[in-house]
Amino acid sequence: MGADQNIEWRQAAASAMEWWRDAGVDVLVGDEPFDWLTPEPAELVAPLAPLSPALASLAPAARAGEAAPSPNVAMPATIAELLTWRTGSAAPEAGWGVPLIPATGPADADIMILIDCPERDSSDSLLGGAAGRLFDRMLAAIGRSRADVHLASLCAARPAAGRLPRDMESQLADIARHHVALAAPRRLLVMGDAASRAILSANVMQARGRLHALNHKKDSQGEVVASFHPRMLLERPALKAEAWKDLQMLMGGLK
């Protein structure tokens with residue numbers, strides 16, 4: 001292993017230790033053994049939350065927990081086509097006059113992460129600035145990086161108000177659900193209320209604490225974990241301990 005690789009590993013380890021400390025982890029061992037990556041029995045797979053009225057009115061083929069396109073949107077049939085379409089002239093945000101930021105990481109990754117939109121101080125990545133740095137620390141704490149997770153957003157650009165336009169929420173949710181169906185990850189982490197509502201029809205506080213089943217169009221099933229957006233964790237550091245529990249659940253059962 002070269003000197004540069006040693007430096008990278010030390011930086012990743014330091015970042016993980018900093019995140020664990022912020023999350024309230026202050027001991028490395030306890031009196032009794034405990035598998036931190038295994039969810040509690042009460043947190044095992046639970047039925048998906050009921051669909052919101054907007055999503056329930058989609059085509060009959062849309063079932064609870066299964067992504068389905070809106071009848072008004074021509075959805076690409078493959079993940080490669082979708083990723084190209086998502087930042088092209090036909091994207092819903094194309095007329096905003098701002099750069100459209102693509103999803104990152106391998107589309108076939110076992111973990112997919114969905115957020116609401118890019119940060120205010122980021123014009124070339126989905127999670128930049130302080131929120132992005134915290135996000136990288138969170139990934140390092142579970143032995144992951146942006147290179148091995150698929151990161152996507154409901155909005156490919158940041159809305160002027162910083163929130164999803166109300167008249168576009170349903171359409172962007174349809175696109176996100178189709179994106180998830182094509183990517184078919186083993187685990188989907190939805191960060192923040194907007195992403196949680198789009199997939200689970202519930203806010204983070206309502207959806208946290210259990211795995212939600214998610215049916216893919218590829219005749220396979222994944223699971224969804226809801227957690228706080230790094231932006232919220234910066235505003236309310238006390239929530240980091242709860243976010244650490246969510247990350248443990250996300251990794252439970254994954255190699």
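Computed from a prediction, not measured in an experiment: that's the story for all the values here. Worth knowing before you read on, the calculation uses all heavy atoms, side chains too, and leaves out hydrogens, waters and symmetry mates.
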Is it the case that the side chain of [X] and the backbone of [Y] share a donor-acceptor pair, with hydrogens and angles ignored and the cut-off at 3.5 Å?
X      : Y      : result
Asp193 : Val204 : yes
Asp136 : Arg133 : no
His178 : Pro76  : yes
Ser196 : Ala202 : yes
Arg208 : Glu242 : yes

Provide the full list of ring pair (Phe, Tyr, Trp, His ring centres under 6.0 Å) pairs with a residue in residues 158-177, sequence neighbours left out, each pair given once.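 Applying ring pair (Phe, Tyr, Trp, His ring centres under 6.0 Å) to every pair that reaches into residues 158-177, excluding sequence neighbours, yields nothing.
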What pairs with His150 under ring pair (Phe, Tyr, Trp, His ring centres under 6.0 Å), at least two apart in sequence or on another chain? His179
Do [X] and [Y] have side-chain heavy atoms sitting under 4.5 Å apart?
X      : Y      : value
Arg146 : Leu151 : yes
Met249 : Leu211 : yes
Val190 : Val225 : no
Trp244 : Lys240 : no
Phe228 : Glu235 : no
Arg144 : Met251 : yes

Shortest non-hydrogen contact from [X] toward [Y]:
X      : Y      : answer
Ser153 : Leu126 : OG-CD2, 3.4 Å
Ala194 : Asp116 : CB-CB, 3.9 Å
Cys117 : Arg231 : O-NH2, 4.0 Å
Leu172 : Cys155 : CD1-SG, 3.4 Å
Pro159 : Pro165 : CG-CD, 4.0 Å
Ala77  : Leu182 : O-CD2, 3.5 Å

Set of salt bridge (Lys or Arg N to Asp or Glu O under 4.0 Å) partners for Glu169, sequence neighbours left out: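 Expected list: none.
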Below 4.0 angstrom, N of the basic side chain to O of the carboxylate: do Glu93 and Arg86 qualify? yes
Rounded to the nearest 0.5 Å, how far does [atom2] of [Y] lie from [atom1] of [X]?
X      : Y      : atom1 : atom2 : result
Asp108 : Ile79  : CG    : CD1   : 9.5 Å
Met138 : Leu127 : CE    : CG    : 9.5 Å
Asp148 : Leu139 : CG    : CG    : 8.0 Å
Leu189 : Ile199 : CG    : CD1   : 11.5 Å

Excluding sequence neighbours, so at least two apart, what forms side chain to side chain donor-acceptor pair (under 3.5 Å) with Ser227? Asp246
Kindly write out the residues that satisfy side chain to side chain donor-acceptor pair (under 3.5 Å) with Glu81, not counting sequence neighbours, or none if the list is empty.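 Here the qualifying residues are Thr78.
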Would Met191 and Phe135 count as a side chain to side chain contact (heavy atoms under 4.5 Å, CB included) if you check the C-alpha gap in whole Å, the side-chain angles of each, and the deciding distance to 0.1 Å? CA-CA 10 Å; Met191 304 186 83; Phe135 176 68; 4.0 Å; yes
Can Leu154 be reached from Leu100 by stepping across I, L, V, M, F, W or Y side chains whose heavy atoms are under 4.5 Å apart?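 Looking at the clustering, Leu154 is in a separate group from Leu100.
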side-chain hydrogen bond (donor to acceptor under 3.5 Å, both in side chains): pairs with one or both residues in residues 154-167, sequence neighbours excluded: none
Dump the intermediate steps for side chain to side chain contact (heavy atoms under 4.5 Å, CB included) on Ile175 and Trp85, then the final yes or no. CA-CA 11 Å; Ile175 295 172; Trp85 174 84; 3.8 Å; yes
Kindly indicate, with the supporting measurements, whether the criterion side chain to side chain contact (heavy atoms under 4.5 Å, CB included) is fulfilled by Asn203 and Arg197. CA-CA 6 Å; Asn203 290 335; Arg197 286 195 300 268; 3.0 Å; yes
Apply side chain to side chain contact (heavy atoms under 4.5 Å, CB included) to Leu114 and Arg177, showing your working. CA-CA 10 Å; Leu114 183 68; Arg177 289 164 68 89; over 6 Å; no
Applying the side-chain hydrogen bond (donor to acceptor under 3.5 Å, both in side chains) criterion to Glu223, which one of Arg187, Arg210, Arg186 satisfies it? Arg187
